[in-house]
K.L.:
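Encoded as structure tokens, here's the structure I'll be asking about.
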Amino acid sequence: MALFTQDVIGIDMGSAATAVYVDGMGVCLREPTMMLVSREDMRQVAALGEDANRLADRAPEDLVGMPPVRVGAVTDIDLAALMLLAMAEKAAGRKKPMEKGRLLVSASTGLTHVEHAALLSAARLTGAKRVTAVNSSVAAAIGAGMDVSGPSAQLICDIGGGTAEIAVLCLGGVAASRTVRSAGMGFDEDIIRYLRAKRGVSVGDRTAEDVKRTVGSAVLPPEGSPGDTTVVRGRDLKTGRPTEISVTAREIAEALGYSVDCLVSAVQDVLLHLPAEFAGDIQKTGIRLTGGGSLLSGLKDAIAERTGLEVKLTQAPQDDVASGLGVIGCDESLLRECVAAGCAVE
Ligand SMILES: Nc1ncnc2c1ncn2[C@@H]1O[C@H](COP(=O)(O)OP(=O)(O)OP(=O)(O)O)[C@@H](O)[C@H]1O
Ligand SMILES: [Mg+2]
């Protein structure tokens, strides 16, 4: 039960994007998890979120882009608190929206105790009256409408920007999990490395991400097939001059091949080590994919082919965690169940 309208705020501060749920409004904001801070004094924040991303390339030399979260973990408690508060205020449209309410934040399964404590400290620094950290796989599953409290095991794979988390959920808790770094931002790095090594061209993070979204694929198109191509702008490493090259979908699939392979192998590995009962359940329920990284073309089919299981993508993969935090925050008995199952900490 909600305390007051807008008194429950759920924030999924991911490695790539921060999504915010506000009670009564749903998931109403998603911005890059990025801050532009002074090189001299990191506490001086010049811009956050979308603004920070837009200005990062053009900012004066005394400013630097600083992500408050890296590979799922908070890099700096004060900066993370500033990011959480700013995003909550922007989403709710008023100052200090958690002063009398509850803030729920997502905690990756792979966090150490110290990283988990840092996340809770950052959340408390926002001034929220009550703070809860919820396991992100459980939140994603609830946000996607899966029944996680039943005795039948379910497998959810959240492919985000910094990490991919594979979790087997049962009786409201995490029965088995595995976290790997083959995820969205790793795919971008693969493309950057490939274009440097094979085409002699240096490209930036945002160009690599655009290429991934336009022609990126988890499956190799057959040699000689027409396939998609895209024009990529970068710097020629020999001449140092700006250049334009045409890149094929096959080249990008080749660049992503190793990371995709690591990711699919991790899913296979989790399945291989499951107790027989759970394996039987998952044979029936299949695999649910969430997280922005799961939107990579062909990834769903690659996982289905290699595991022999049915794989389904959720309807709003980039919002599932934040909406799950909202569902949990607005339902006191569900929140108690999550705490009892060890997947939520107050
Ligand atoms: N259409 C698309 N095709 C391929 N990748 C995509 C697409 N749309 C978004 N992505 C990728 O999704 C990633 C962001 O997903 P998401 O918001 O779930 O990550 P995150 O929660 O911030 O990260 P993490 O959970 O690892 O901390 C980015 O790397 C982005 O490039
Ligand atoms: Mg995420």
Side-chain angles (χ1 to χ4, degrees), residues 10-21 27 29-34 49-50 53 67-75 80 83-84 87 104-111 115-116 119 133-141 143-144 156-167 177-192 204-219 228 230 249 252-253 255-256 259-260 263 266 288-302 313-325:
I11 308 184
D12 172 26
M13 190 164 58
S15 313
T18 296
V20 186
Y21 169 99
V27 179
L29 186 79
R30 181 161 15 98
E31 297 212 12
T33 309
M34 182 52 79
E50 207 68 73
N53 233 27
V69 172
R70 217 175 257 146
V71 205
V74 162
T75 51
M83 180 83 190
L84 287 170
M87 289 296 123
L104 296 100
V105 289
S106 57
S108 308
T109 317
L111 292 188
E115 289 165 344
H116 199 277
L119 174 68
V134 182
N135 176 278
S136 57
S137 296
V138 173
I156 184 160
C157 180
D158 177 355
I159 307 165
T163 59
E165 290 190 37
I166 306 140
S177 72
R178 177 98 193 260
T179 303
V180 289
R181 280 203 186 192
S182 311
M185 291 154 108
F187 298 155
D188 302 343
E189 284 162 25
D190 291 338
I191 293 172
I192 293 173
D205 294 346
R206 269 194 273 171
T207 302
E209 189 182 1
D210 281 349
V211 171
K212 174 183 73 179
R213 289 179 191 234
T214 323
V215 294
S217 171
V219 281
D228 295 325
T230 190
I252 301 306
L256 301 178
S259 292
V260 169
L263 173 56
R288 203 63 85 87
L289 289 191
T290 182
S294 61
L295 293 168
L296 177 70
S297 170
L299 189 52
K300 180 171 85 76
D301 299 332
L313 190 60
T314 66
Q315 274 183 350
Q318 286 164 287
D319 294 344
D320 285 333
V321 176
S323 61
L325 293 174

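The figures that follow rest on heavy atoms only: side chains count, while hydrogens, waters and symmetry mates do not. This one's a predicted model, so the numbers in the text were calculated from it and none came from an experiment. Atoms within each ligand, like the ligands themselves, are counted from 1 in listed order.
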K.L.:
Is any N or O atom of Gly160, backbone or side chain, closer than 3.5 Å to an N or O atom of ligand 1?
P.N.:
no

K.L.:
What verdict does the side chain to side chain contact (heavy atoms under 4.5 Å, CB included) test give for Leu256 and Ile191, after you've listed the backbone C-alpha separation in whole Å, the side-chain angles of each residue and the deciding distance to 0.1 Å?
P.N.:
CA-CA 7 Å; Leu256 301 178; Ile191 293 172; 4.0 Å; yes

K.L.:
With no hydrogens and no angle check, is any side-chain donor or acceptor of Thr33 less than 3.5 Å from a backbone partner on Pro67?
P.N.:
no

K.L.:
Are the side chain of Glu165 and the backbone N or O of Thr109 linked by a donor-acceptor pair below 3.5 Å?
P.N.:
yes

K.L.:
If you measure from CZ on Arg70 to CE on Met185, what distance do you get to the nearest 0.5 Å?
P.N.:
9.0 Å

K.L.:
So how far is it from Asp210 CG to Asp205 CG, rounded to the nearest 0.5 Å?
P.N.:
11.0 Å

K.L.:
Atom OG of Ser297 and atom CG of Asp228: how far apart are they, to the nearest 0.5 Å?
P.N.:
8.5 Å

K.L.:
Which of the listed options, Val69, Leu296, Asp12, holds the heavy atom that is closest to atom 4 (C) of ligand 1?
P.N.:
Leu296

K.L.:
Using a 4.0 Å cutoff against the non-hydrogen atoms of Met185, which atoms of ligand 1 qualify?
P.N.:
29 (O)

K.L.:
Which of the numbered atoms in ligand 1 are below 4.0 angstrom from a heavy atom of Gln318?
P.N.:
9 (C)

K.L.:
Answer yes or no: is there a donor N or O on one side and an acceptor on the other, between the side chain of Ser182 and the main chain of Val260, under 3.5 Å?
P.N.:
no

K.L.:
Would one find an N or O of Asp188, backbone or side chain, under 3.5 Å from an N or O of ligand 1?
P.N.:
no

K.L.:
Compare Gly293, Ser106, Gly184 and give the one whose heavy atom is closest to atom 29 (O) of ligand 1.
P.N.:
Gly184

K.L.:
Who's the nearest protein heavy-atom neighbour of atom 30 (C) of ligand 1, and how far?
P.N.:
Glu209 OE2, 3.2 Å

K.L.:
Where is the nearest protein heavy atom to atom 21 (O) of ligand 1: which residue, which atom, and how far?
P.N.:
Gly14 CA, 3.7 Å

K.L.:
So Thr314 and Thr290, do their side chains get closer than 4.5 Å, heavy atoms only?
P.N.:
yes

K.L.:
Closest non-hydrogen protein atom to atom 9 (C) of ligand 1, residue and atom name please, with distance?
P.N.:
Arg213 NH2, 3.5 Å

K.L.:
Among Thr18, Val321, Asp320, Leu295, whose heavy atom sits nearest atom 1 (N) of ligand 1?
P.N.:
Leu295

K.L.:
Output the list of atoms in ligand 1 that are nearer than 4.0 Å to some heavy atom of Gly162, sorted by atom number.
P.N.:
23 (O), 24 (P), 26 (O)

K.L.:
I'd like the name of whichever of Ser297, Gly292, Pro67, Ser294 reaches closest to atom 12 (O) of ligand 1 through any heavy atom.
P.N.:
Gly292

K.L.:
Report the part of Lys212 (side chain from C-beta onward, or backbone N, CA, C, O) that has a heavy atom under 4.0 Å from ligand 1; answer both or neither where that applies.
P.N.:
side chain

K.L.:
Has Gln315 got more than 12 heavy atoms of other residues, nucleotides or ligands less than 6.0 Å from its CD?
P.N.:
no

K.L.:
Is a side-chain donor or acceptor of Ser177 paired with a backbone partner of Ile166 at a separation under 3.5 angstrom?
P.N.:
no

K.L.:
Between the candidates Ala164, Gly161, Ala17, which shows the shortest non-hydrogen contact distance to atom 22 (O) of ligand 1?
P.N.:
Ala17

K.L.:
Would you say Ser15 and ligand 1 have an N/O pair spaced under 3.5 Å apart?
P.N.:
yes

K.L.:
Please evaluate residues Asp319 and Arg30 with respect to the criterion side chain to side chain contact (heavy atoms under 4.5 Å, CB included), reporting the C-alpha separation (whole Å), side-chain torsions for both, the decisive distance (0.1 Å), and the verdict.
P.N.:
CA-CA 8 Å; Asp319 294 344; Arg30 181 161 15 98; 3.1 Å; yes

K.L.:
Which atoms of ligand 1 have any heavy atom of Ala16 under 4.0 Å away?
P.N.:
14 (C), 20 (P), 22 (O), 23 (O)

K.L.:
Is there a polar contact, in the sense of an N or O pair closer than 3.5 Å, between Gly291 and ligand 1?
P.N.:
no

